[in-house]
Protein chains: 2
Amino acid sequence: MDSNASPPSSPRSAARGRSPRASGRVTLSDVAQAVGVSAMTVSRALRGERRVDPLLVEKIHAAAERMGYVPDPAARALASQKSTQVLVLVPLLSNTLFVDLIESIHKVLFAAGYHALIGVTHYDRAEEEQLLRTYLPLRPAGLLLTGFDHSPAARKLLADSGIPCVHMMELSAVDQPSQLADQTPCVGFSQAEAGVAITRHLLERGRRRIAFCAGQLDARVMQRAAGWRTVLEQQGLYDPALELLWPRPTSMALGAELLTQALQRDPAIDALFFCNDDIAQGALLEALRRGIPVPERLAITGFNDLPGSDQMLPPLTTVRTPRGAIGAESAQMLLQLIRGELVATPRLDLGYELVVRQSS
Amino acid sequence: MDSNASPPSSPRSAARGRSPRASGRVTLSDVAQAVGVSAMTVSRALRGERRVDPLLVEKIHAAAERMGYVPDPAARALASQKSTQVLVLVPLLSNTLFVDLIESIHKVLFAAGYHALIGVTHYDRAEEEQLLRTYLPLRPAGLLLTGFDHSPAARKLLADSGIPCVHMMELSAVDQPSQLADQTPCVGFSQAEAGVAITRHLLERGRRRIAFCAGQLDARVMQRAAGWRTVLEQQGLYDPALELLWPRPTSMALGAELLTQALQRDPAIDALFFCNDDIAQGALLEALRRGIPVPERLAITGFNDLPGSDQMLPPLTTVRTPRGAIGAESAQMLLQLIRGELVATPRLDLGYELVVRQSS
DNA sequence: CTGTTAGCGCTTTCAA
DNA sequence: TTGAAAGCGCTAACAG
């Protein structure tokens with residue numbers, strides 16, 4: 001046979017002009033050729049697989065570095081059916097709570113070579129579902145979702161995808177103490193217990209008519225409400241008129257509004273338990289404006305310990321929620337799931353801390 | 001030839017058991033087979049290319065829908081060297097400013113079939129550079145960056161990538177009014193002019209000793225400072241002692257601290273121009289705590305008109321920045337660049353609005 | 001420990 | 001207007 005014979009043999013090797021479709025980037029086989037090994041070996045070496053000659057590994061790393069090789073995530077995702085993206089869905093970015101959550105997630109994932117793809121649901125199950133439909137085809141390596149409140153279709157998407165998923169901020173219900181807990185991976189704390197703690201604190205301070213004021217009535221807010229209600233019912237102090245629920249988003253202005261409404265509805269109210277610090281801050285300022293002494297005439301408490309709560313007049317009593325830790329631990333747990341490792345505590349309770357300042 | 005003859009012909013067609021590497025998802029050829037056309041036609045039809053029989057288009061859409069076909073972004077990116085991701089880099093998420101920016105970017109991009117990939121630089125050029133290194137290989141369709149302050153290496157990465165890019169929040173410098181402006185695409189407003197406007201307002205209110213108090217000394221803050229300085233110099237009122245610059249992040253607590261420092265340094269100061277609303281709010285609360293009458297004894301102004309500024313005691317005078325519009329217009333401009341369209345105004349000035357409330 | 005082969009699912013290119 | 005062929009850059013699967 002003539003060695004000048006046509007195509008079949010080594011199609012890429014002598015290719016100087018490259019294929020018309022080539023992207024121009026340095027590829028795995030470029031590096032392989034330079035080092036004098038196969039592309040597969042380079043692939044293995046660069047991914048840090050075992051069973052590659054350490055000397056080769058070194059040479060390959062050097063060549064890759066020198067040639068400016070950067071792996072192509074699309075090719076990798078297509079070939080391996082995996083990506084390094086982790087989809088993170090939060091309800092909102094305008095609450096520092098979720099920003100803190102995201103920051104710590106990002107830190108843990110990034111260090112492990114994964115990337116957070118952030119989606120915002122605006123507390124809307126339909127929007128969450130659409131985001132899942134949009135981003136699941138990207139084959140994220142894992143999912144980090146806020147809460148458990150998903151549409152049935154979203155649940156199905158999640159289940160069908162088979163992608164590991166950790167739920168953040170709240171804990172799955174444990175029906176019977178004697179019974180084994182639900183094994184759905186989740187990291188958070190008991191929102192209901194935190195609601196109980198704040199309410200008990202107000203009772204200890206001698207408050208009798210404690211109103212619960214909330215906006216943005218998501219599942220977690222309602223759990224706090226349940227905690228509050230339980231305590232008041234135990235004490236025979238519960239009255240439905242003490243429940244001020246506002247379905248739309250929270251804001252400082254809403255706090256002023258709810259304080260006004262509460263006192264109009266029942267002037268005997270002596271404490272306001274707000275579901276979030278931002279409305280509590282607004283209420284505090286409204287009290288200042290109207291000359292209502294806090295805490296003497298009215299105790300005010302918030303939730304989450306957001307920036308500025310310690311600066312208020314008076315500083316706001318609140319519950320510090322461990323969102324940084326929740327983000328970090330969720331990401332860590334997800335990484336374990338992605339790697340197929342056993343998760344020791346798939347239902348991780350990180351607790352909360354009552355921060356008593358001068359507003360109560 | 002025996003029709004039972006082996007492989008070469010139609011390798012995929014009769015494949016029931018599929019290849020061992022197949023992902024299980026419905027592919028383009030599945031749809032093609034169902035409709036009885038080639039995969040190429042399905043590809044064209046689904047992407048809405050012209051020159052496909054309208055009847056076929058309809059049949060193909062129906063089949064795709066029925067079979068649950070979802071395009072594979074990785075395969076698409078690999079084959080076309082394009083993705084639908086747009087990389088959005090912001091300094092911070094804990095400032096509502098950037099959250100508003102992101103929200104409106106997301107809305108515009110999502111509607112056009114693109115997705116925002118959010119990265120946070122923490123005002124750190126090295127971190128920005130690392131993010132670019134990490135995400136540029138994803139072949140984002142475009143880039144949306146905050147400001148113009150990039151490391152030299154980052155500049156090179158940007159230039160080499162050839163990916164369209166719009167800079168947000170500030171405007172490129174125009175050296176000579178008569179000269180053609182720099183054509184780097186950007187959407188924002190003149191930070192310096194806004195600084196001038198606030199300072200003039202304070203002068204009009206009869207203030208003489210106006211301090212500039214800032215944290216997080218990024219380029220935009222320094223431009224506001226320059227505006228302030230220019231005005232004071234024109235009036236012969238400039239004094240370096242009036243400049244209180246704090247390199248670390250802003251917070252309400254910092255506002256309290258800077259107010260204290262300013263009055264210690266010079267008790268004659270009669271106005272404080274804060275670079276951001278959060279520190280201004282902190283200062284306002286500190287004034288309240290110390291019984292300093294605002295604005296009688298001390299005028300206080302902020303920047304950005306963040307949530308809560310209208311709730312303060314007294315409500316805060318500030319500059320409303322058009323971040324929503326900046327996000328939307330930047331995204332729109334980027335889409336034009338991606339599509340190779342001509343951009344009418346590559347340097348888009350969206351202005352600002354002085355919001356005079358009772359603190360000045 | 002290393003290499004070969006054969007795709008992943010899509011789109012570019014060119015021909016009909 | 002449609003299709004066939006080829007390949008984007010990488011890795012799974014199997015040999016050796």
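Just so we're on the same page: letters track the sequence lines, and every chain starts at 1.
- Nearer the 5' end of DNA chain D, as judged by each residue's closest nucleotide, is the contact made by S23(A), out of K82(A) and S23(A).
- For S38(B), the side-chain hydrogen bond (donor to acceptor under 3.5 Å, both in side chains) test picks out T41(B), with sequence neighbours left out.
- With sequence neighbours excluded, no residue forms a ring-ring contact (aromatic ring centres under 6.0 Å, His included) with Y123(A).
- Atom pair L28(A):CG and dC8(C):P shows a separation of 19 Å (rounding to whole Å applied).
- Residues satisfying the ring-ring contact (aromatic ring centres under 6.0 Å, His included) test with Y135(B), not counting sequence neighbours, are H115(A).
- Of the possible polar contacts, none joining the S29(A) side chain to the A32(A) backbone as a donor-acceptor pair under 3.5 Å is found.
- Judged by distance alone, with hydrogens and angles left aside, the side-chain atoms of S330(A) form no donor-acceptor pair with the main-chain N or O of M168(A) at under 3.5 Å.
- The separation between R76(A) atom CZ and dG9(C) atom C1' is 19 Å, rounded to whole Å.
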Between protein and nucleotides 2-4 of chain C, what N or O pairs are separated by less than 3.5 Å?
residue : atom : partner : partner atom : Å
dT2(C)  : OP2  : D53(A)  : N            : 2.6
dG3(C)  : OP2  : S38(A)  : N            : 3.1
dG3(C)  : OP2  : S38(A)  : OG           : 3.3
dG3(C)  : OP2  : T41(A)  : OG1          : 2.5
dG3(C)  : N7   : R44(A)  : NH2          : 2.6
dG3(C)  : O6   : R44(A)  : NH1          : 3.4
dG3(C)  : O6   : R44(A)  : NH2          : 3.1

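- A close approach under 4.0 Å does occur between a side-chain nitrogen or oxygen of R47(A) and OP1 or OP2 of dA12(D).
- End-to-end axis angle for the helix from dC1(C)-dG16(D) to dA16(C)-dT1(D), using five pairs per end and rounding to 10°, comes out at 30°.
- The salt bridge (charged side-chain N to carboxylate O under 4.0 Å, His left out) check on R44(A) picks up nothing, with sequence neighbours excluded.
- Going from atom CD of Q81(A) over to atom P of dG7(C) covers 14 Å, rounded to whole Å.
- Look at CG on L138(A): it is 15 Å from P on dG9(C), rounded to the nearest Å.
- Contacts classified as ring-ring contact (aromatic ring centres under 6.0 Å, His included) and involving residues 142-163 of chain B (residues at least two apart or in different chains) are given here: F148(B)-H167(B), H150(B)-H167(B).
- Contact check of residues 68-75 of chain B against DNA chain D (heavy atom, cut-off under 4.0 Å) returns no residues at all.
- Atom CG in L78(A) sits about 13 Å away from atom P in dC8(D), given to the nearest Å.
- Partners of E127(A) according to the side-chain hydrogen bond (donor to acceptor under 3.5 Å, both in side chains) rule, which considers only residues two or more places apart in sequence or in another chain, are H122(A).
- For S43(B), the side-chain hydrogen bond (donor to acceptor under 3.5 Å, both in side chains) test picks out R47(B), with sequence neighbours left out.
- With sequence neighbours excluded, the residues that form a ring-ring contact (aromatic ring centres under 6.0 Å, His included) with H106(A) are F110(A).
- At the phosphate of dA12(D), neither OP1 nor OP2 sits under 4.0 Å from any side-chain N or O atom of R21(B).
- Taking atom CD on E49(B) and atom P on dT1(D), their separation rounds to 11 Å, with Å as the unit.
- Applying the side-chain hydrogen bond (donor to acceptor under 3.5 Å, both in side chains) criterion to K107(A), with sequence neighbours excluded, gives no partner residue.
- With rounding to whole Å, Q33(B) atom CD is found 14 Å from dC10(C) atom P.
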